[in-house]
A.B. asks: 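Mind looking over this structure? Questions follow.
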Amino acid sequence: MKKLLFYLAMLISGILHANAENGYNLWLRYNKVSNKALFDQYRLSITQVVFPGKSTTLTAAQDELAAGLKGLLLLNLPPAATITANGALLIGTPSSSKLIASLPISAALKEAGPEGYIIRTSMVNGKSVRVIAANTDVGVLYGVFNFLKLLQTEKSIKTLAITEFPHTKLRLLNHWDNLNGSVERGYAGKSLWNWAQLPGTIDPRYRDYARANASIGINGTVLTNVNANAQILTKDYLAKVAALANVFRPYGIKVYLTARFSAPIEIGGLKTADPLDPAVKKWWADKVDEIYTYIPDFGGLLVKANSEGEPGPQNYGRGHVEGANMFADALAPHGGFIMWRAFVYDEKVADDRTKQAYTEFHPLDGKFKPNVIVQIKNGPLDFQPREPFSPLFGAMPKTPEMMEFQITKEYLGQATNLAYLAPMWKECLDSDTYSKGKGSTVAKIVEGKLENHSISGMAGVANIGNDINWCGNIFAQANWYAYGRLAWNPELTSAAIADEWIRMTFNNDKSFVEPIKQIMLTSREAVVNYMTPLGLHHQMSRGVHYGPGPWVTGGRADQTSIYYNRADSIGIGFDRTSKGSNAVSQYFPPVRNVFENVNTTPDEYLLWFHHLPWNYKMKSGKTLWIELIEHYNMGIDSVKNMQKVWDSMESKVDPERFKEEKHALAIQEDDAETWKGACLLYYQTFSRLPIPDKYGKPAHDLDYYKKLRLNPNR
Ligand code: BDP
């Protein structure tokens, strides 16, 4: 009897465990459609699957569809040879399916292009069917994912007329993964790539990683850190990289690597890495040829050169053009790309570090080979909670400019704080650079539309590790999702993306979706408010970049907080007008004039561009000091509101994810209070102004905050 009870207990815990929501399935959970009426309706209206084709990509799409229909609708539909009933799903390309080839859809397919797809309701052989068609197999795969999304998000599938295509060509993740398994600025465990076990052992997660990426249209991945290790280019590693590429290929995902500029010396035995040296050029050309013998569809190389101590052409008296073009020549015969980063940060401390990328790259426009893409961070500094857009966007019209966003929240509370980043990315993408007059948005530049570039792209620094939930936190998954969706179509709204993600990740209950969407949409602004309001930036503690450190000084000036806040007895903020560093001059007019003039500078960027007296009168009529205090408080209040909303959702979320997020939000509230106390008390040593009682006094004194090192892994 005892034994029986024991087995029973084991069984129950097994069942519970099997159902535990640990986040592994991301937004591809395929749980049964919970709306009974819709479930019945979907089931009745999907009767057959006619989906011929045997390529690895079509097989992946067939498997995904089968898994989706089984999970969502408990449907098991064996592949049918032809349409015999109303309600068939007819799927494929004109070459994989004769039926599709016979349909009058060529104009629509033309619009869909090489990676797009159409989903239509139409009559075929006298039966009403739903068609998912594309020009290529990967287009079909994307179409299948979208069709499943319609079911996952409980949309009507009665009449469908969808045409979708990606707006950018290269939609990449950048992994800052090191060969020793650590991840630079990674907050979700170790690297996914198990180099020791590759190529022999293929972790099943690699396939799930590829599925997740394909479901949002990501079509490439840079496997290694921009602070590169030359070893990745050796034969042993290339064989491992090839094994990963083989897993990703059916999902339309190409593999890319980072190239260490000094690799010819480190692994090639040469004396120099001078890009104009014939032996160096030959070494790279041979190396690239070799890479393509391992990975015939290798995407290309990403290089961080002459930045933060990384080697580059400047070590040899050459410039970015000579460096990038050397790689371009090696890659061109294979159709590969070289992504050259504009995040330059050299040995000399500049008068204003935010000017450096523009200063170095703007004069180089028109000098790069056609397969060079300059990869630019969204803002001129470094992934801060809020930055104005980088003035380099639009300033190199002859050069394809690729966006670099950071999905991993290095400066926005890492894996603990809830910050949905789509609004931040949209803010940048929707910014008008005026480079070719009104309407020259960053999005249009990144899409290649403004200057008709044949190549375009976005890179997102990944927030993925080997934690069971991939991203260290459930809501961090939303940023991976949102990044992919925006790379596919920068015109999507943050709200629409959040809506999809919540429904797929949690449920379709309106009383859950709407409040959660609201807290997601305000979450990034909350972080800005309690960390760096009104245009402040780079106020975090040194190194870890998590907690506050507005007092950080010593060492390299432009790595300190005081360099950026410029707090003194008069006021606070960095004067970047013509009277200061003149960084405003890097923007096109009228943007430049808007930022030059304190009265037209939006409050969000006020202290980014202006040094203002503590008693400066804000648009609200209040003083700057009081508004600063109010912003920290608004940040804290938003977090409290997030907690309240989340707590009220307990009955609508599984206990695992509920508890995890509750814990994270408690930490976030604590962090927000700490940021307020630390920053206000430090700035107060200059302002000498009181924090009125009604705003709440910080819980501790400045000394306490200075000694405190917030630990992101609580
Ligand atoms: C900074 C990170 C650093 C990266 C650097 C980069 O702190 O770890 O190496 O960016 O983008 O934000 O190269």
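The figures that follow rest on heavy atoms only: side chains count, while hydrogens, waters and symmetry mates do not. Every number for a ligand or one of its atoms is a count from 1 in the order of the listing.
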A.B. asks: For atom 10 (O) of ligand 1, which candidate among Arg185, Lys377, Glu308 holds the nearest heavy atom?
C.D. replies: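 Checking each option, the heavy atom nearest atom 10 (O) of ligand 1 is found in Lys377.
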A.B. asks: Starting from atom 2 (C) of ligand 1, which protein heavy atom do you reach first, and at what distance in Å?
C.D. replies: Glu410 OE2, 3.3 Å
A.B. asks: Just which atoms of ligand 1 are under 4.0 Å from any heavy atom in Phe343?
C.D. replies: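 Listed by number with element: 5 (C), 6 (C), 10 (O), 11 (O), 13 (O).
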A.B. asks: Can we call the ring centroids of Trp551 and Tyr683 under 6.0 Å apart?
C.D. replies: no
A.B. asks: At under 4.0 Å between heavy atoms, which part of Tyr411 makes contact with ligand 1: side chain, backbone, both or neither?
C.D. replies: side chain
A.B. asks: Using a plain distance cutoff, I'd like to know if Asp382 has any nitrogen or oxygen under 3.5 Å from a nitrogen or oxygen of ligand 1.
C.D. replies: yes
A.B. asks: Could you tell me whether a side-chain N or O of Asp329 sits under 3.5 Å from a main-chain N or O of Met326, the two making a donor and an acceptor?
C.D. replies: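 Not a single qualifying donor-acceptor pair exists.
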A.B. asks: May I ask whether Glu310 places a heavy atom under 4.0 Å from ligand 1?
C.D. replies: no
A.B. asks: Using a plain distance cutoff, I'd like to know if Gln406 has any nitrogen or oxygen under 3.5 Å from a nitrogen or oxygen of ligand 1.
C.D. replies: no
A.B. asks: Out of curiosity, Ser456 OG to Ile445 CD1, how far, rounded to the nearest 0.5 Å?
C.D. replies: 12.5 Å
A.B. asks: Does the ring centre of Tyr411 sit less than 6.0 Å away from the ring centre of Tyr546?
C.D. replies: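 Judged by ring-centre distance (under 6.0 Å), Tyr546 and Tyr411 do not meet the cut-off.
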A.B. asks: Need the ligand 1 atom indices (1-based, order shown) with element for anything under 4.0 Å from a heavy-atom of Glu184.
C.D. replies: 3 (C), 4 (C), 8 (O), 9 (O)
A.B. asks: Using a 4.0 Å cut-off to any heavy atom of Asn227, which atoms of ligand 1 qualify?
C.D. replies: 9 (O)
A.B. asks: Starting from atom 13 (O) of ligand 1, locate the nearest protein heavy atom and write down its residue, its atom name and how far away it is, to 0.1 Å.
C.D. replies: Lys304 NZ, 2.6 Å
A.B. asks: Less than 6.0 angstrom separating the ring centers of Tyr530 and Tyr632, yes or no?
C.D. replies: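 No, they do not, as the ring centres are separated by 6.0 Å or more.
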A.B. asks: Hey, would you say the Tyr209 and Trp193 ring centroids sit under 6.0 Å apart?
C.D. replies: yes
A.B. asks: In this structure, does ligand 1 have an atom that sits under 4.0 Å from one of the heavy atoms of Trp176?
C.D. replies: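 It does; at least one heavy atom falls under 4.0 Å.
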A.B. asks: Just one of Asn229, Asp177, Thr258 clears the side-chain hydrogen bond (donor to acceptor under 3.5 Å, both in side chains) bar with Thr224, so which one?
C.D. replies: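 Result for side-chain hydrogen bond (donor to acceptor under 3.5 Å, both in side chains) with Thr224: Thr258.
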A.B. asks: Can you list the atoms of ligand 1 that are under 4.0 Å from a heavy atom of His545?
C.D. replies: 7 (O)
A.B. asks: Mind checking the CD1-NE2 spacing from Ile295 to His334? Nearest 0.5 Å is all I need.
C.D. replies: 11.5 Å
